[in-house]
Each structure stands twice: as C-alpha cells, then as structure tokens.
Amino acid sequence: MSASWPPDGLVGPSDVIEVRLGMFGPERYRCPASDALKARGLRPRQRAAWKPEVLDPFPNGPFMDAVEKLERLVDEPPSASRRGRRRPLHDGVRQWTEHALRMYQEAFPTDLGLRLTRQPWVYRHHGSSGDGWGTVEYRITAWGLCFESADGRLRELRLPVNRLRKRSAVECAVAALVAAEGNRDLRLEWVRVVQFALSDGRTDTIFDGTRDEALALYRADGAPAVRALLDSQEYRPGTACTSCAVAPVCPVLPRAEGILGIADRSRPRRSWSSTTGRGHRGCPARGYLRGLRLPADDTVERGAAVERGRAVHAFLAERHGQWSGRPCTPEIPANWVPEGYRLPDEERQLGAELLRHHAEVCPLRTAEPRSDIQTEPRLVFDDTAADLLVVAEPDLLYREAGSWIWRETKTSASDRPRRNILATYPQLALGVRVIAGGVLPRPQAGGRVELELLHPGGVDLRILDPFAPETQAAAEAVLREQVSGWHAETLFEAVPGAECATCEVARWCSAWRPQGHEAGTSR
C-alpha cells in the first residue's frame with residue numbers, strides 16, 4: 001500500500017475544514033492522522049456498508065437530549081445536532097442517564113439567569129487551506145451545552161465529562177474560542193467555560209474572562225495546536241480505528257484476516273480484547289457498560305489484590321523499560337510501590353516477595369542486548385474476516401535470536417497450580433495466533449508465548465509453542481469460544497448472579513439492587 005499523503009483511495013478534498021474540541025483530548029484515544037483527514041472531510045472512495053448497532057452506542061447522547069428538554073421547558077423539536085436518535089437504550093445507559101441528569105440539576109440550578117441557545121456555537125473563518133487546496137471555511141466546534149444571558153453579554157459553555165480530569169492548555173484555549181467567537185454576537189463581553197462531571201456533579205471552571213482574553217489565549221495556545229493537527233501525518237493505531245472511516249485504506253493498520261477464528265462481516269464493526277471476552281462471558285451487560293467507559297466503582301475496581309497486581313506490573317514495566325543490559329535482581333527496595341498505588345502492608349510485603357521471585361525468570365536474562373524490548377505495547381490488528389479491531393497489550397514483547405517472544409506476567413496470593421492456561425488467560429491464545437501468524441513487524445521464524453505466574457511459593461514459567469499444531473488448535477478454539485457469542489450479541493442483557501456483588505458497574509444495572517441503595521449511589 002502506498003505511504004503517500006493523503007493515503008490512496010480517499011476522495012475530496014472538502015471546501016470545509018472542521019476541527020472539534022475532542023480532537024485535542026487524551027492521546028490514548030486519538031489518532032492525529034485520522035483527525036487531520038477527518039477534519040478535511042476525506043473519506044474512502046468505496047465506502048463500507050453501514051451496519052448499525054441495535055442499541056444507541058453513544059452513552060451521553062440521551063443525557064444531552066434530557067437536558068435540552070429540561071432547559072427549554074417548552075415542547076420544541078430537538079436541535080438539529082440530536083435529531084434522528086431513535087435506537088433503544090441499554091438498561092445501564094438509562095440508569096446512567098437518570099443519575100447524570102440528577103447530578104446536572106444539582107450542579108446547575110435553574111435560577112442562574114442563563115438560557116440554552118437554540119443552536120450550538122460554531123467558530124467560522126474563511127482562508128487559504130495552506131496546502132494548495134484553495135480557499136476553505138474553517139470551523140471549530142465543541143460538544144457541550146451553550147448558555148447565554150438574556151442580554152447576550154455573558155456566555156457559558158458547559159462541557160459534560162464522566163469524571164473530572166485536568167484539561168490541557170490547548171483544550172482550554174479552543175473551548176474559550178468557541179464560546180467567545182462561535183455564532184458571533186457583538187454584545188458579548190464575558191465568557192466562561194465549565195466542565196462538569198456526570199458521575200458526581202462536581203464542576204471545574206477552565207476559563208473565566210473577557211472576550212479579548214479568550215482570543216488572546218487561543219492565539220497563544222490554541223492556534224498553533226490547530227495548525228499542528230491539520231499538518232499531522234502521524235498514525236497512531238488504537239481503539240479509534242474502530243470507527244475511523246479511513247481505516248480500510250490506512251497504510252499502518254496491520255491486517256490479520258481470521259486471527260479470531262470468525263468469518264462473518266455482517267455484524268457491526270467493533271473492537272475486541274481479551275478483557276472484552278472475559279467481561280461478556282461473566283455478564284453481557286457488565287462487559288457492555290465497561291466498553292462504554294461508564295464510571296466504575298473504585299472500591300471494586302481497585303481492590304487490594306487487584307491493586308497489588310497492577311503495582312507489580314507497573315514496577316516491572318518501569319524496570320524493563322529502563323533496561324541497561326542487566327536483568328532484574330532479587331533486591332527489591334522497601335518503597336517499591338510506584339507512585340499512584342496504595343497498598344495495605346500485607347499486600348506491599350506480598351508484592352515485594354513476588355518481585356523477588358521474578359528475578360529467577362526475568363526475560364531480560366536472555367534478551368539480546370540490542371533487542372526490541374517493548375513494555376506493555378499497544379498492538380492493534382484489523383481482522384478483516386470478521387470486521388473486528390483486535391487490541392492487545394502484552395506485558396512484554398522482546399526478541400531472542402531474532403524471534404519475537406510474548407510474555408504475560410500474572411500474580412497470585414495462592415500456590416494452587418493453573419491447568420488450562422489458555423482458557424484461563426485468553427490473551428495467551430491471542431499471542432499464539434499473533435506469533436504464528438507473523439503479523440508483528442519484521443517477523444522471523446520461531447518465537448514463543450510465555451506465562452510467568454508469580455506466587456508466594458515461587459514462580460512458574462509456562463512456555464507455549466505457537467507453531468505446534470495442538471497449541472494452534474487449542475488457541476483457535478479458545479478465541480472462537482470467547483468471540484462468537486459476543487460477536488452475535490445485540491442487546492447485552494444482564495445475567496444476575498453471584499458476580500453482581502463484585503461487579504464494578506453494578507450501580508448502573510437495574511437487574512441488581514443491594515438493599516438500602518438506589519441507582520447511582522456509591523456502594
């Protein structure tokens with residue numbers, strides 16, 4: 001495939017360049033090249049068939065509909081940006097919407113003297129495209145709620161988020177510009193941008209100043225970032241590839257036809273990981289709501305044992321990432337727990353003991369000095385046989401004698417042996433398929449998949465040969481069992497059971513209600 005820019009197979013350009021505030025969000029969920037092409041309206045010449053999900057896939061869309069109805073207090077048709085949403089809602093999304101609306105009403109009383117605008121604000125500017133494509137109209141938008149005072153002198157842009165996070169200087173500048181210059185009103189004097197958390201109703205004012213101050217902020221922090229975005233040719237494969245229209249012609253997205261063992265392109269395009277499969281098997285609703293990134297219960301999500309496992313992984317990732325040619329040693333510092341992790345004393349001591357055992361089988365004992373060593377790399381493959389994006393993050397990828405080695409490290413407080421490790425850890429099955437399929441960069445003959453199981457009594461290192469016929473058959477069977485039910489799923493209904501007590505998204509599920517608690521309250 002050609003590496004030219006724009007990629008072959010796209011049509012355009014458009015006479016409109018549209019930049020969205022969301023394009024400057026966390027890097028983990030963005031692809032700069034995709035955003036640059038999307039901003040110019042470029043699309044594949046041959047468009048894929050539209051295969052919509054049965055359920056509405058946008059969890060915060062219903063909230064925006066509800067707020068619009070609440071704020072207008074009149075029977076008006078929905079704004080153009082939200083017309084046509086007619087698909088049914090998942091029960092969890094309905095519970096989440098009701099909770100989010102309550103949080104919004106607590107954060108913004110109705111007597112603030114502001115009114116919701118009929119149309120969202122759009123900043124417009126006509127100028128040269130800068131790339132030989134002639135004159136275009138630049139548009140900058142921000143997904144949120146646009147409020148103004150009756151006299152037009154004050155504007156407030158409210159940005160809904162699931163949980164508050166620190167906004168970058170670029171995001172603040174772009175949002176301030178949209179509020180100050182969108183649908184230009186000469187009466188405007190003061191601009192405010194507020195982000196609010198749908199999970200708990202907390203607010204954070206990220207800009208509060210005059211119109212001139214908003215424009216100065218944009219010129220300093222926003223305009224250079226917008227130019228850089230439009231000029232970017234950096235591909236960053238990730239979950240954004242699931243909905244990217246350019247994915248079919250993307251020159252860097254690896255194709256891995258049939259890697260999941262499913263040959264059916266009739267279903268909607270989705271992304272799959274071993275976490276997806278594990279969540280769906282336990283309860284379809286649980287996996288679905290986690291996939292929507294609804295806020296999880298931290299008391300479950302970050303329990304002591306889970307936190308210890310994450311801390312061990314973070315410690316090893318830092319050590320392996322700073323490799324100086326020597327493998328890990330049994331000398332573990334007393335303050336080994338990485339910043340951001342909180343462990344009880346017993347878990348801290350157990351974690352140190354497990355890390356000492358790791359030194360016995362540290363993969364850097366055999367890795368070549370100039371080997372490719374990748375700690376927790378994000379691997380993305382397009383399974384064209386099933387129209388699925390496959391995402392994996394092995395704990396470590398390294399080369400030995402030129403061949404790729406895929407290492408997974410697991411921790412346990414028990415010395416009980418694990419038998420069917422492929423079924424227990426399906427990411428190993430995916431690793432077998434990836435190594436055997438030769439879909440990693442610069443593949444060579446050979447390679448293996450390793451499971452390092454750390455436990456109080458020591459360490460077990462299990463080796464899988466991806467090229468052994470019996471291993472290949474077992475891996476394919478595990479993946480097919482993991483994927484097939486989820487792939488055919490349409491409604492993702494809850495299956496109440498014992499696991500509800502440890503479900504991190506149970507608060508959004510009406511199928512389970514602990515006594516004395518209401519939807520949306522903390523457990």
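When reading the values below, keep in mind they use all heavy atoms of this one structure, side chains included, and skip hydrogens, waters and symmetry mates. Every value quoted in this text rests on a predicted model; they were computed, and no experiment measured them.
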Interatomic distance, CD@E318 vs OG1@T375, rounded to 0.5 Å, equals 10.0 Å
Check your understanding: Would you call the rings of F108 and F196 parallel, tilted or perpendicular if under 30° counts as parallel and over 60° as perpendicular?
Key -> perpendicular
Tightest non-hydrogen contact, residues A179 and L188, listed as O-CD2, 3.7 Å
query: Distance under 6.0 Å and angle within 45° of the ring axis: does R293 meet both against Y29?
result: yes
Salt bridge (Lys or Arg N to Asp or Glu O under 4.0 Å) assessment of K166 paired with D204:
CA-CA 9 Å; K166 182 174 178 56; D204 177 27; over 6 Å; no
Correct closest heavy-atom pair for A173 and L217 would be CB-O, 3.6 Å
May I ask you to establish whether R270 and W486 are in a cation-pi arrangement, using a distance under 6.0 Å from NZ or CZ to the six-membered ring centre and at most 45° from the ring axis?
yes
OG1 (T490) and CG (L55) are apart, to the nearest 0.5 Å, by 7.0 Å
Determine whether the aromatic ring centres of H99 and W508 lie less than 6.0 Å apart. yes
Point to revise | Side chain proximity check, V161 to L198, heavy atoms < 4.5 angstrom | key: no
- prompt: Does a side-chain heavy-atom distance below 4.5 Å link L159 with V194?
  reply: no
Interatomic distance, CZ@R227 vs OG@S232, rounded to 0.5 Å, equals 14.5 Å
Margin query: If we count only N and O atoms by modelled type, under 3.5 Å, do the side chains of T210 and D212 hold a donor and an acceptor together?
Written below: no
If the threshold is 4.0 Å, N to carboxylate O, is there a salt bridge linking E393 and R28?
yes
Kindly indicate, with the supporting measurements, whether the criterion side-chain hydrogen bond (donor to acceptor under 3.5 Å, both in side chains) is fulfilled by R269 and T242. CA-CA 7 Å; R269 181 169 173 80; T242 308; 5.8 Å; no
| Are any of the side-chain nitrogens in R281 or E499 under 4.0 Å away from the carboxylate oxygens of its partner? | no
Are there over 12 heavy-atom neighbours, none belonging to R47, within less than 6.0 Å of that residue's CZ?
no
Whether the side chain of R265 engages the backbone of T384 through a donor-acceptor N/O pair (distance < 3.5 Å, no angle test) should be reported. yes
Less than 4.0 angstrom from a charged side-chain N to a carboxylate O is my criterion; do E504 and R286 meet it? yes
For S266 and K51 the tightest heavy-atom approach is O-CD, 3.6 Å
**OP:** Side-chain contact test, heavy atoms from C-beta onward, threshold under 4.5 Å: evaluate it for L21 versus E171 and give yes or no.
**Re:** yes
Distance only, no hydrogens: is a donor on one side chain within 3.5 Å (strictly under) of an acceptor on the other, for D151 and S149? yes
Geometric cation-pi criterion, R155 with W121: 6.0 Å, 45°:
yes
**Q.** Carboxylate-amine/guanidinium contact R184 E181, below 4.0 Å
**A.** yes
- When you check the gap from the basic side-chain N to the acidic O, do R30 and D35 get nearer than 4.0 Å? yes
Check the pair L215, R219 against side-chain contact (heavy atoms from CB on, under 4.5 Å), reporting the backbone distance first and the verdict last. CA-CA 6 Å; L215 294 177; R219 284 192 291 268; 3.8 Å; yes
Checking the side chain of R124 only, and the main-chain atoms of G182 only, is there a donor and an acceptor separated by less than 3.5 Å?
no
message: Assess, by modelled atom type and distance only, whether the side chains of W143 and N60 contain a donor and an acceptor separated by less than 3.5 Å.
response: no
- request: For the residue pair E71 and Y104, confirm or rule out a side-chain donor-acceptor distance under 3.5 Å.
  value: yes
Quiz prompt | Main-chain N/O of P120 paired with N183 side-chain donor or acceptor, under 3.5 Å | solution = yes
R94/D56 ion pair, N-O < 4.0 Å | no
Item to complete: Output, in order, the C-alpha distance, side-chain angles, deciding distance and verdict of side-chain hydrogen bond (donor to acceptor under 3.5 Å, both in side chains) for D91 and S510.
Response: CA-CA 7 Å; D91 167 71; S510 65; 2.7 Å; yes
Rounding to 0.5 Å, atoms CG (L294) and CG (L289) come to a distance of 5.5 Å
(request) Please step through side-chain contact (heavy atoms from CB on, under 4.5 Å) for the pair L164 and Q195, ending with a clear verdict. (result) CA-CA 7 Å; L164 289 186; Q195 64 170 339; 3.8 Å; yes
- More than 12 foreign heavy atoms under 6.0 Å from CZ of R319: is that the case here? yes
Angle between ring planes, Y288 versus F492, binned at 30° and 60°: parallel, tilted or perpendicular? parallel
Rounding to 0.5 Å, atoms CE (M64) and CZ (F58) come to a distance of 7.5 Å
message = Walk me through whether L253 and V380 qualify under side-chain contact (heavy atoms from CB on, under 4.5 Å).
response = CA-CA 7 Å; L253 178 60; V380 181; 3.7 Å; yes
Test item: I17 and L230 side chains (from C-beta on) under 4.5 Å apart, heavy atoms: yes
inquiry  = Checking the side chain of R267 only, and the main-chain atoms of E489 only, is there a donor and an acceptor separated by less than 3.5 Å?
reply    = yes
Pair E148, R153 - check salt bridge (Lys or Arg N to Asp or Glu O under 4.0 Å), show working.
CA-CA 8 Å; E148 63 183 2; R153 298 170 63 185; over 6 Å; no
Scanning both residues in full, the closest heavy-atom pair of W96 with S199 reads CH2-N, 3.9 Å
_N/O donor-acceptor pair under 3.5 Å between R507 side chain and D297 backbone_ = no
Evaluate the side-chain proximity of Q482 to W272: yes if any heavy-atom separation is below 4.5 Å, no if none is. yes
query = Do the side chains of R192 and T205 get nearer than 4.5 Å, heavy atoms only?
reply = yes
So does R348 get a backbone contact from the side chain of W336, meaning a donor-acceptor N/O pair under 3.5 Å? yes
Would you check if D221 and C172 make a side-chain contact, meaning some heavy-atom pair closer than 4.5 Å? no
Query - Side-chain heavy atoms of P62 within contact of V93, under 4.5 Å - result: yes
Exercise for the section: Assess whether side-chain contact (heavy atoms from CB on, under 4.5 Å) is satisfied between V136 and Y138, documenting all intermediate values. Expected result: CA-CA 6 Å; V136 297; Y138 289 87; 3.6 Å; yes
* Asked: Regarding R158 and the six-membered ring of F147, is the cationic atom NZ or CZ under 6.0 Å from the ring centre and inside 45° of its axis?
  -> yes
Shortest non-hydrogen pair, V390 vs L260, comes out as CG2-CD1, 3.6 Å
Do other residues, nucleotides or ligands put more than 12 heavy atoms under 6.0 Å from R165 CZ? yes
query = Does a donor on one side chain and an acceptor on the other come within less than 3.5 Å for E137 and H125?
reply = no
Residues, nucleotides or ligands: over 12 heavy atoms within 6.0 Å of R20 CZ:
no
What one should report as the nearest heavy-atom pair of A197 and N162 is CB-O, 4.0 Å
d(L316 CG, H313 NE2) to nearest 0.5 Å is 7.5 Å
